Number of protein chains: 2
Amino acid sequence: MLRLSKLTDYAVVVLVRLARCDEVQTAPGIATATGIPEPTVSKVLKALASGGLVVSQRGARGGYRLMRSLNEVAVSAVITAIDGPIALTACVEGSVGGCEAENLCPVRGRWDPVNEAIQSALSAITLADMQEAAMVRSFPLVLEPARLESSRLDPTRAVS
Amino acid sequence: MLRLSKLTDYAVVVLVRLARCDEVQTAPGIATATGIPEPTVSKVLKALASGGLVVSQRGARGGYRLMRSLNEVAVSAVITAIDGPIALTACVEGSVGGCEAENLCPVRGRWDPVNEAIQSALSAITLADMQEAAMVRSFPLVLEPARLESSRLDPTRAVS
DNA sequence: ACAAACAGGACCGGAGGGGTCCGCTTAGTC
DNA sequence: GACTAAGCGGACCCCTCCGGTCCTGTTTGT
């Protein structure tokens, strides 16, 4: 299913929310504004901060602020910040020298072109593009009358 | 991490193995040839058969045969056969009307362009491409002396 | 000094996937 | 026609990972 972690989804919401003004916004404030639980918002923001997508202001009256504007942030950057490096992992990931038949295994390196293709695809899409896509979905009555309803109820609204 | 299921990885190995000859090959035979446990090979082949990537011959002297040649099979087809539709799922997948703030939620539809980009990227790569990439990795001494070793030991050999 | 807010880690519960097994059906072979 | 090799479909378990929460610092404005 090529599942993307839900945290990454939250990250996009938080980043878009952060783009609404230039001043710092607190994690509790974003939580109430977006409906995402506060601890989760905090967790997401920490990851985004360490990923260089937002800057944090500690102490009282602190909060977070966008580092770059939305059209300068690629989706790949968000995914990398939340989920780590983008990779369709082959074999057992994280196990150092775990596969005993490494030399015989015909899989080694096989997914590299796929990884590169996905990487370039995700680098070409910015958060501004995603925001625009969401905007389109906000006016389904005009553009695509049947789409909102079907997509809301159909969990298989996948691309393929 | 954009994790891809290990079963899909196995599927590629199995398909490449199947491409070695036109005659039917049994699941136990492929299991011994690839080192993948026999029940798992069987499971993968079942999924590939229902996905139309291989055809099965039942009964004694039965087995599996490729439906199309490797350069006619896109990676997206394999992923779809094993893992289901390709989608970076937003919100809670499978829950019908689970999100109570659907109209307010700014996420709805946001990932659509990303899904489409990934879909097109995966459709452009065939198993023949992956096989070729694996072949390059088979001669690291000539092409890239340091690559085999580093990639073998480094679980973070991701694209980004 | 106090309080508000971030930082960093520990922790837990549930869902999903890897992997296995079993009974059934099909179809060559002797 | 019986036997057997092989696929078919499903049930099942265990383990890992992720979502989500919490707690204890540390920083900094008031």
Side-chain angles (χ1 to χ4, degrees), chain A residues 1-11 13-14 18 23-32 34-51 53-65 79 82-84 88-95 98-99 155, chain B residues 1-11 13-14 18 23-32 34-51 53-65 79 82-84 88-95 98-99 155:
Chain A
M1 191 82 71
L2 261 184
R3 287 166 309 113
L4 187 67
S5 76
K6 204 188 289 185
L7 272 296
T8 306
D9 194 7
Y10 290 158
V13 178
V14 168
L18 269 180
E23 301 171 0
V24 296
Q25 300 180 46
T26 69
I30 297 175
T32 59
T34 60
I36 305 172
E38 191 272 331
T40 302
V41 171
S42 189
K43 189 178 205 175
V44 167
L45 282 169
K46 288 173 195 172
L48 292 177
S50 66
L53 294 179
V54 301
V55 286
S56 65
Q57 174 67 33
R58 298 188 62 166
R61 304 285 300 172
Y64 293 91
R65 187 166 40 83
I79 297 176
I82 300 294
D83 289 333
L88 306 176
T89 54
C91 290
V92 184
E93 62 177 319
S95 75
C99 186
Chain B
M1 189 82 72
L2 261 184
R3 287 167 308 113
L4 186 68
S5 75
K6 204 187 289 185
L7 271 295
T8 306
D9 194 5
Y10 290 157
V13 178
V14 169
L18 270 179
E23 301 171 1
V24 295
Q25 299 180 47
T26 69
I30 296 175
T32 58
T34 60
I36 304 172
E38 192 271 332
T40 302
V41 171
S42 190
K43 190 180 207 174
V44 167
L45 283 169
K46 289 175 197 171
L48 292 177
S50 66
L53 294 179
V54 301
V55 286
S56 63
Q57 173 67 33
R58 298 189 60 166
R61 304 286 299 171
Y64 292 93
R65 188 166 40 82
I79 296 176
I82 301 293
D83 289 334
L88 305 177
T89 55
C91 289
V92 183
E93 61 177 320
S95 76
C99 186

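Owing to the predicted nature of the structure, the values given are computational and were not obtained by experimental measurement. The chains referred to below are lettered A, B, ... by the order of the sequence lines, with proteins before strands, and numbering in each begins at 1.
Among the protein residues, A/Leu7 comes within range of the sugar-phosphate backbone only, with heavy atoms under 4.0 Å from sugar or phosphate atoms but none that close to a base. Within the nucleic acid shown, A/Ala27 comes within 4.0 Å of sugar-phosphate atoms alone, with no base atom in reach, counting heavy atoms only.
At whole-Å resolution of the value, CD1 in A/Ile79 and P in D/dC18 are 14 Å apart. When the P atom of C/dA15 is taken as reference, atom NZ of A/Lys6 falls 11 Å away, rounded to whole Å. Rounded to a whole Å, the CG atom of B/Asp9 is 14 Å from the C1' atom of C/dG17. Between the CD atom of A/Glu38 and the P atom of C/dC6 there is a distance of 8 Å, rounded to whole Å. Distance CG (B/Asp83) to C1' (C/dG17): 10 Å, rounded to an integer number of Å. Distance, A/Tyr64 OH to C/dA4 P: 17 Å, rounded to whole Å. In this structure, the CG atom of B/Leu45 is 15 Å from the P atom of C/dG19, given to the nearest Å. In this structure, CD of B/Glu23 is placed 16 Å from C1' of D/dA6, rounded to the nearest angstrom.
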Between the protein and nucleotides 28-30 of chain C, are there any N/O to N/O pairs under 3.5 Å, and if so, what are the atom names and distances?
unit_1, atom_1, unit_2, atom_2, d
C/dG28, OP1, B/Gln57, NE2, 3.2

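Residue A/Tyr10 has a polar side-chain atom (N or O) positioned under 4.0 Å from OP1 or OP2 of D/dG20. Residue B/Ser56 places no side-chain N or O under 4.0 Å from the OP1 or OP2 atom of D/dA6.
Between B/Val41 and B/Ala27, the shortest heavy-atom distance links the atoms CG1-O, 3.7 Å. Looking at every heavy atom in both residues, B/Gly62 comes nearest to B/Val24 through O-CG2, 3.9 Å. In terms of heavy atoms, A/Ser5 sits closest to A/Asp83 at OG-OD1, 2.7 Å. Taking all atoms of both residues into account, the shortest heavy-atom contact from A/Ala31 to A/Glu38 is CB-CA, 3.6 Å. The heavy-atom pair separating A/Ile82 from A/Ala47 by the smallest distance is CD1-CB, 3.8 Å.
Going from atom CG of B/Leu45 over to atom CG of B/Leu18 covers 6.0 Å, rounded to the nearest 0.5 Å. Taken from CD1 in B/Ile36 to OG in B/Ser42, the straight-line distance is 12.0 Å, to the nearest 0.5 Å. We find the CD1-CG distance between A/Ile79 and A/Leu7 to be 12.5 Å, quoted to the nearest 0.5 Å.
DNA chain D is contacted by both B/Ser50 and A/Thr8; B/Ser50 maps to the nucleotide lying nearer its 5′ end (nearest heavy atom per residue). In terms of position along DNA chain D, the nucleotide closest to B/Gly62 lies nearer the 5' end than the nucleotide closest to the other residue of the pair A/Pro39 and B/Gly62.
Side-chain to base pairing of B/Lys46 with D/dG7: no donor and acceptor N or O lie closer than 3.5 Å to each other.
When each of C/dG19, D/dG7, D/dG20 is scored by its nearest atom to the side-chain atoms of B/Thr40, the top-ranked nucleotide is C/dG19. Here D/dG20 is the nucleotide among D/dG7, D/dG20, C/dG18 with the atom lying nearest to any side-chain atom of A/Lys43. Side-chain atoms of A/Thr26 lie closest to C/dC6 of the nucleotides D/dT21, C/dC6, C/dG8.
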